[in-house]
Amino acid sequence: MSSTPPATPAATPASTPTAAGGSPAMQSRHLSVWFGKRKVLEDVNISFPANTCTALIGPSGCGKSTYIRTLNRLHELIPGAGLAGDVLHNGRDIYARDVDPVTVRLAIGMVFQKPNPFPSMTIRGNVLSGLKLSGMKRPNHDEIVEDTLRKAGLWNEVKDRLSHAAGELSGGQAQRLVIARALAVQPQVLLMDEPCSALDPASTLKIEETIRELAESITIIIVTHNMQQATRVSDYTAFFLAAENEPGIVVEQGATTEIFSNPQDPRTLDYVNGRFG
Amino acid sequence: MTAHAETILPPRPPAPQQSAGRPWARRGPGFRLAVLLGTILPPVPVIAALLYTDWPPVTIFVAIYLPLQLIAACAAAISQRGTRAAGDAVIIVLAIGATLLAVIVLGSILSTIAIRGYQAMSVAFLTQNTLYISPSTPLGYGGVGAAVLGTFIIVALATVITVPIGIATAVYVTEVRGRAVPYVRFFVQAMSGVPSVVAGLFILVVLILSGALAYSALAGALAYSILMLPTVARTAEEVLKLVPEELRTGALALGSTRARVVGQVVLPAARTGIVTATILGIARVVGETAPLLLTSLSNDRTIINPVGNPIASLPVFIFDKVSLPFPDAVARAWGAALVLMVIVAILFTAARLLSARRFAKS
């Protein structure tokens, strides 16, 4: 499989966040992605420095969600999925032949756009489900439950009904439960695919605070359609764009303040000012 | 921003006293008259036919009542809402009529079994075996006790054999998604068309005549399993497909192995449906007669040992007794049919309650 050169010279690897210092916690190099014969992403090079938050922005259908799913090997579960290039986690290729996808996903957690609590488990059971499902041993389950639920901003609402079914939570509460669940297995990297699109403004604010706090100790990569959210929570931003019937590319990336205040590419300028997308 | 507490609102005028009504249900006298005539007129010739002819009720219903009711409903609809309403009237009458027909047929089967079967009912009938009676012995001695026990043993064995295999098949098709999925599904589909007598013949030839098994409850259970497996596997497959894909990816994203995704997320999420799949499988076989005639035969004694000897069962009991030329033996067959029906009803009700409670708990 030969990978074609970038469709546009506007992707400037020189301005990758790595330049800002620190070795990247995650990195994709010359990553191209296919669904069947259709190429959906082309030559994506992004570095995610450790203990920072990076926002992936861009219009619908440009491949952001597909990209984020390649970072913890969920992409390969889709029939017909294809991939070329490397994804490095702490300098190791997560697609190397001897790497078990289960250990990759344990270290690189994910929160999805649609809340997906396990309906057959209680609220408490959901928080601890990652430990049970992965076989991870951690003491003091009560502490983990309270700590992670507090971090996700849900503790006060559910502390008196931890043994109730998770199905009785509202959509916003369920999403925060899912975030608590992802934190309970102590991931080094947390992928978030539009985590706030189902939340009310108050919950969104709480989650954004949580992201800022978490970014002190883990690496967060968040897909968002909300430009204000990107400026509020992220240190770095990568702008994805796909022309009609062409694979998505990274048009521009760099420090969030730069991308939003002084973008180099006119398409980025138009997008962050809400002129398309 | 000013605080809301400082704002002084003018006092609110008192709301008028109101009670909930249904303004959309108001009808004029013409409408009431049309409905009244359309409802009362069609049954008149039906009552006349019931009184003065000896046609069966179903014939009267289909040949007289339905056409008249169709005409009456159309006339009423057209007189009130114009010709476009005739289509509505036809659809409604046909839907209600078809439902009534189904209910009448089912109801007459159930009531016949209940009335005829009731004559045989007694404590002795429900608890005794048929060891000390001859076909002509009057009612009050001997009964279906041994046959009920036998049916329970055979069905329980068949369930224990079939349900794990059926769930495993469904898991292979929906969760493992291996290369053989199309062949497995085709095979399961084909199996659901196996005539029950063939299932019995298969066990007879392969296991009993070869000497591997005696005529017994186990042989009958194996024949039942062949019939039960497609139902359980296909229903379980449909149920597992209903489990949202997000739950699987969610569990995988937490570092779960595929086995744990199935065991701790997918199957628990689908457990209500799996109970239903099991019940449907049992309901599929519990009245099957042909396989048991060839494998478990029948027995006048009460048998508990599932492997050593032939065993009585309700379907075979009915088959045996209904073909005898003695009225009391035929009455016993009706009694056994009633018992079988009640067992099926209890099973279904229990399954509904069980799954409802489990669902509420989760």
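Keep in mind the model is a prediction, meaning the values are calculated, not measured. Residue numbering restarts at 1 for every chain, and letters A, B, ... go by the order of the sequence lines.
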Evaluate the side-chain proximity of B/Leu252 to A/Pro101: yes if any heavy-atom separation is below 4.5 Å, no if none is.
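When only atoms from C-beta onward are counted, B/Leu252 and A/Pro101 do not touch, as no gap falls below 4.5 Å.
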So do A/Leu77 and B/Arg248 actually touch side chain to side chain, heavy atoms under 4.5 Å?
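They are not in contact (no side-chain heavy atoms under 4.5 Å apart), so the answer is no.
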Identify which part of [X] has an atom lying under 4.5 Å from any heavy atom of chain B, answering side chain, backbone, both or neither.
| X | result |
| --- | --- |
| A/Phe118 | both |
| A/Pro79 | neither |
| A/Arg73 | neither |
| A/Ile108 | backbone |

[X] atom [atom1], neighbour heavy-atom count above 12 within 6.0 Å:
| X | atom1 | answer |
| --- | --- | --- |
| B/Ile304 | CD1 | no |
| A/Phe35 | CZ | yes |
| A/Tyr95 | OH | yes |

Pick whichever of A/Glu168, A/Arg105, A/Arg69 has the most heavy-atom pairs under 4.5 Å with chain B.
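The residue among A/Glu168, A/Arg105, A/Arg69 with the greatest pair count is A/Arg105.
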Taking every heavy-atom pair that is under 4.5 Å apart, which of A/Ser134, A/Gly135, A/Pro115 has the most such pairs with chain B?
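Among the listed options, the one with the most contacts to chain B is A/Ser134.
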Closest heavy-atom contact between [X] and [Y]?
| X | Y | value |
| --- | --- | --- |
| A/Pro119 | B/Leu247 | CD-CD1, 3.5 Å |
| B/Gly250 | A/Phe112 | CA-CE1, 3.8 Å |
| B/Gln264 | A/Ser120 | O-OG, 4.5 Å |
| B/Ala251 | A/Leu133 | CB-CD1, 3.9 Å |

